[in-house]
Structures are given as C-alpha cells and as structure tokens.
Number of protein chains: 2
Amino acid sequence: MKVTTQLEYGLCCIVALARLQVGDPASASDIAQSEKLPRQYVEKLLCRLKRSGIVRSVRGAKGGYLLARHPSELTVRDICDALDGGAYKLICEEESMRTKRCIPVSADGRCSLRFVWTELGSVINSYLGTVTVDALLSDGSCHTGKETPYQRPCTAGV
Amino acid sequence: MKVTTQLEYGLCCIVALARLQVGDPASASDIAQSEKLPRQYVEKLLCRLKRSGIVRSVRGAKGGYLLARHPSELTVRDICDALDGGAYKLICEEESMRTKRCIPVSADGRCSLRFVWTELGSVINSYLGTVTVDALLSDGSCHTGKETPYQRPCTAGV
DNA sequence: CCATACCCGACTATTTTTGTCAAGTTTTGC
DNA sequence: GCAAAACTTGACAAAAATAGTCGGGTATGG
Ligand code: FES
Ligand code: FES
C-alpha cells in the first residue's frame, strides 16, 4: 500500500498554489517548473482538481490556477478524493473481485476480512481529514515527532 | 491506495489455518482448494509467511502448514509485514524518488509533505496492529458498525 | 490576430502485481 | 528402498495499474 505519485504531485501543486496566495493566478507551467514536475502531467492533475472544485482556473493569456478555498478549509483528504477517487479503495469494489471472493467466502455472504478493510479505510480517511493544507504550509510545525497511535474506539462490551 | 490481493489471500490462508486449529498440518493444496485460490500462489505466500515465522511447516507426506503462534497473538499487521514488507510504504523510500523529490523539495532538505505520509503510515500500522487473527475468526463479532475515527493525539500546544 | 495558457481525450510506456513453471528436497508408508 | 505426498525456490510470463505524452482544441488579453 503506497501513496501514488499522482497524490504526491497533486498535493505538491496545491501547496505551491497556497504558498503563492496572491491575487493573480499561477500557470501550470509555473507550478511545474517550481516543483520540478512534468508540465503536462501537472496540467492533467490540475484539471482533475478543478473538476472537483479544489482549484479555480482563469483561461486565456495571464490565466492560470487559484485555490478555490482557503487552505484552512482544505484537507488532504479532499485532494485524495479528487485525484484517486479516494485515498483508499476496497479491494472487492471491482466487480470481478466481488464475485470471486467477497461474496462466496463465508456462508452468510460476507468475507470475514471485510470489516478489517472497511475499518482501515475509515481510519485512513479520517486521519487524512484532520490534516489541512494550512498545516502543510508551516513546514514541520505540525510534526510532533511522537507516535500517532490508533485507539480502538470501542473495545469493551459491544 | 489499495490492499493487495497478496494480503487478502495471505490473510485468508491464515484464517483458514486458524479455523482448522487441530493438531495435524494442512497442506497448501487443501488450503488453496478450500479458499478457492490458485494453489501455486498459495504455496508462494505460505513460503513467505514461513520465513517470517508466522507459520510453521512440516515436510514430507502428511506434511503441511501450521500457525506458529496462537491466533490471539497474531495481528493483521504481522501478516502485512511478512507479505508486502509492511502494509504501507513511503513513496520516497525508493532511491529514485528520494533524490527526485523528498530531498530537494524544501529548503531544509525535507519534503513538506513527508510528515503526512509518515504519520499516515503509523496510523495504518497502528490500526492493523490492534486486529488479531482471533478477532477475525468470530465472524462479524468485531465489527461495530460504527465509524472508527482517528483522533489526533496532540492538537493543542506543541 | 497572435501569444499565452487552460481543456481534454486518446494514446504509449513503464512499473508493479499477479500468477505459473519446473526442478529441487524432505518425509511417510509400504 | 522406493514411490508418492508435499514443501522450497528462483526464474519467468501475463496482466493490470500507473505514469506520463501528444496533439489538437478553446478562451482571453494585449
Ligand atoms: S473480498 Fe471483500 S473483503 Fe475480502
Ligand atoms: S517526497 Fe518524500 S514525502 Fe514527499
């Protein structure tokens, strides 16, 4: 399990945009250059980010991209959702897998592993939802250096 | 980001082994058949699980595999570590990426995104470490149906 | 009207993952 | 001892996912 470069690059672009929080828009080439990324790939990513309403664009000469929201109201999760269609996808979301495994594995029609994977998904999304782009700007300040353990919210009873 | 089938299959095998918690070992073919998985792939996975000390093997006729530890002392995380070399890998762990991105991105030699990805890693590993194979056996009993939010352990001050 | 820059789908290339093969080694039962 | 069962292993092939490119379009400011 690994973050895709799409995500890394996309997030880089967003951070770059957020840093330039001036009035006039930054062009895709500018961003690509400053982040040392392939220009056409950046365009593609920004295009998708636009469709999800994360960035706005201004066409024509002197045009470019702008953040659509304030960095403090934009989480890493939002960007994941826009780019990958979610940071985390269930393995059996694809039709082929679902019929091959999820259903037939256990008698009552449920893969006994399913809850682990769905819980994992919500843990991931939930964490990424706590990280704002704002926090990324102040480099390192958000990093506590401590472990960030997961606390099971409901161990006892049930 | 998605769980690999390696993991899904591997975990299935482990659960199958745990269910058969009798004295004599189960052969790879048995497991493959009961879980409807390709035999040779199962063999390969079990082999790796063996090297990490998750399962034991008995060679020769009537041989097969056994869990090396009690299901209550075996977490999903252990299995991830054995199979994928960890459930989660940092994108810039590979040499090529590291020199291309992680280092040069910010002035002090640190990608400003790095802490998100490392924290994400610890959140994932930490969660998977709370789920024992034991819990998987009692199908559904561990599933609370509720959300399992991530609570940032240290928001204030710092 | 032209240079800039967004828009977009189709396409290729690369890498990763998945799965197979074939040739071993070890042990049991007869 | 020998044959059959079953683990061991690395190399290889197939498939899928990801990364990245191309080329043509459209809008806009000067
Ligand atoms: S196949 Fe759906 S969770 Fe296992
Ligand atoms: S490249 Fe290492 S975290 Fe961004």
Side-chain angles (χ1 to χ4, degrees), chain A residues 1-10 12-13 17 24-33 35-52 54-66 68 80 83-89 91 93-97 100-101, chain B residues 1-10 12-13 17 24-33 35-52 54-66 68 80 83-85 87 89 91 93-97 100-101:
Chain A
M1 215 157 45
K2 207 168 40 178
V3 163
T4 58
T5 73
Q6 258 180 76
L7 215 61
E8 171 87 8
Y9 290 3
C12 277
C13 293
L17 269 179
D24 41 37
S27 76
S29 342
D30 288 349
I31 297 172
Q33 205 156 33
E35 296 293 321
K36 296 189 185 95
L37 297 172
R39 194 193 92 246
Q40 297 181 292
Y41 201 26
V42 165
E43 278 185 349
K44 185 187 223 169
L45 297 177
L46 284 170
C47 188
R48 267 194 266 176
L49 287 167
K50 193 208 149 160
R51 283 184 221 171
S52 314
I54 310 260
V55 302
R56 283 186 302 124
S57 69
V58 181
R59 302 191 67 162
K62 290 253 170 184
Y65 293 90
L66 292 163
C80 293
L83 287 180
D84 276 338
Y88 177 81
K89 260 195 286 276
I91 190 179
E93 214 132 87
E94 300 122 59
E95 185 61 23
S96 66
M97 252 314 174
K100 214 163 54 180
R101 310 244 69 232
Chain B
M1 213 156 49
K2 207 169 38 178
V3 163
T4 58
T5 73
Q6 256 182 77
L7 215 62
E8 171 88 8
Y9 291 2
C12 277
C13 293
L17 270 179
D24 42 37
S27 76
S29 342
D30 288 348
I31 296 172
Q33 206 155 32
E35 295 293 320
K36 297 192 184 91
L37 296 173
R39 194 192 94 245
Q40 296 181 293
Y41 201 25
V42 165
E43 278 184 348
K44 185 185 222 171
L45 297 177
L46 285 169
C47 186
R48 267 194 266 175
L49 287 167
K50 192 207 150 163
R51 283 186 221 171
S52 313
I54 311 260
V55 301
R56 282 187 302 125
S57 69
V58 181
R59 301 189 67 161
K62 289 250 173 190
Y65 294 91
L66 292 163
C80 293
L83 287 180
D84 276 339
K89 258 195 287 277
I91 189 179
E93 215 132 89
E94 300 122 60
E95 184 62 24
S96 66
M97 254 312 176
K100 216 163 51 181
R101 312 245 68 231

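Atoms considered below: every heavy atom in the structure, side chains included; atoms not considered: hydrogens, waters and symmetry mates. Chain identifiers are assigned alphabetically (A, B, ...) following the order of the sequence lines, protein sequences preceding nucleic acid strands; residue numbering begins at 1 within each chain.
- Nearer to the 5' terminus of DNA chain C, by closest-nucleotide assignment, is the contact made by A:A61 (compared with the other of A:K50 and A:A61).
- One can place NZ of A:K44 at 9 Å from C1' of C:dC11, the figure rounded to the nearest angstrom.
- Between the CD1 atom of A:I91 and the C1' atom of D:dA17 there is a distance of 13 Å, given to the nearest Å.
- B:R59 has its CZ atom 14 Å from the P atom of D:dA6, to the nearest Å.
- Summarising the geometry, the separation between OH on A:Y9 and P on D:dT18 is reported as 15 Å, rounded to the nearest angstrom.
- At the phosphate of C:dT18, OP1 or OP2 sits under 4.0 Å from a side-chain N or O atom of B:Q6.
- What separates CD of A:E43 from P of D:dA19 is a distance of 18 Å, to the nearest Å.
- When the C1' atom of D:dG20 is taken as reference, atom CZ of A:R48 falls 11 Å away, rounded to whole Å.
- The phosphate of C:dC7 (OP1 or OP2) has a side-chain N or O of A:Y65 nearer than 4.0 angstrom.
- Annotation: the span from A:E8 atom CD to A:E35 atom CD amounts to 9.5 Å, rounded to 0.5 Å.
- For the pair A:L46 CG and C:dA5 C1', the interatomic distance rounds to 12 Å; values are reported in whole Å.
- Note on A:S57: a side-chain N or O is less than 4.0 Å away from OP1 or OP2 of C:dC7.
- Rounding to the nearest 0.5 Å places CG of B:L49 at 9.0 Å from OH of B:Y65.
- Atom CZ of A:R39 is separated from atom C1' of D:dC22 by 11 Å (rounded to the nearest Å).
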### Task
Tell me, with the steps shown, if B:E43 and B:R39 meet side chain to side chain contact (heavy atoms under 4.5 Å, CB included).
CA-CA 6 Å; B:E43 278 184 348; B:R39 194 192 94 245; 3.6 Å; yes
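- For D:dA19, one of the phosphate oxygens OP1 or OP2 lies less than 4.0 angstrom from a side-chain nitrogen or oxygen of A:T5.
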### Working for side chain to side chain contact (heavy atoms under 4.5 Å, CB included), residues A:Q33 and A:S29
CA-CA 6 Å; A:Q33 205 156 33; A:S29 342; 5.7 Å; no
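- Listed nucleotides C:dC6, C:dT20, D:dA19 differ in distance to B:Q40; the shortest reach to its side chain belongs to C:dT20.
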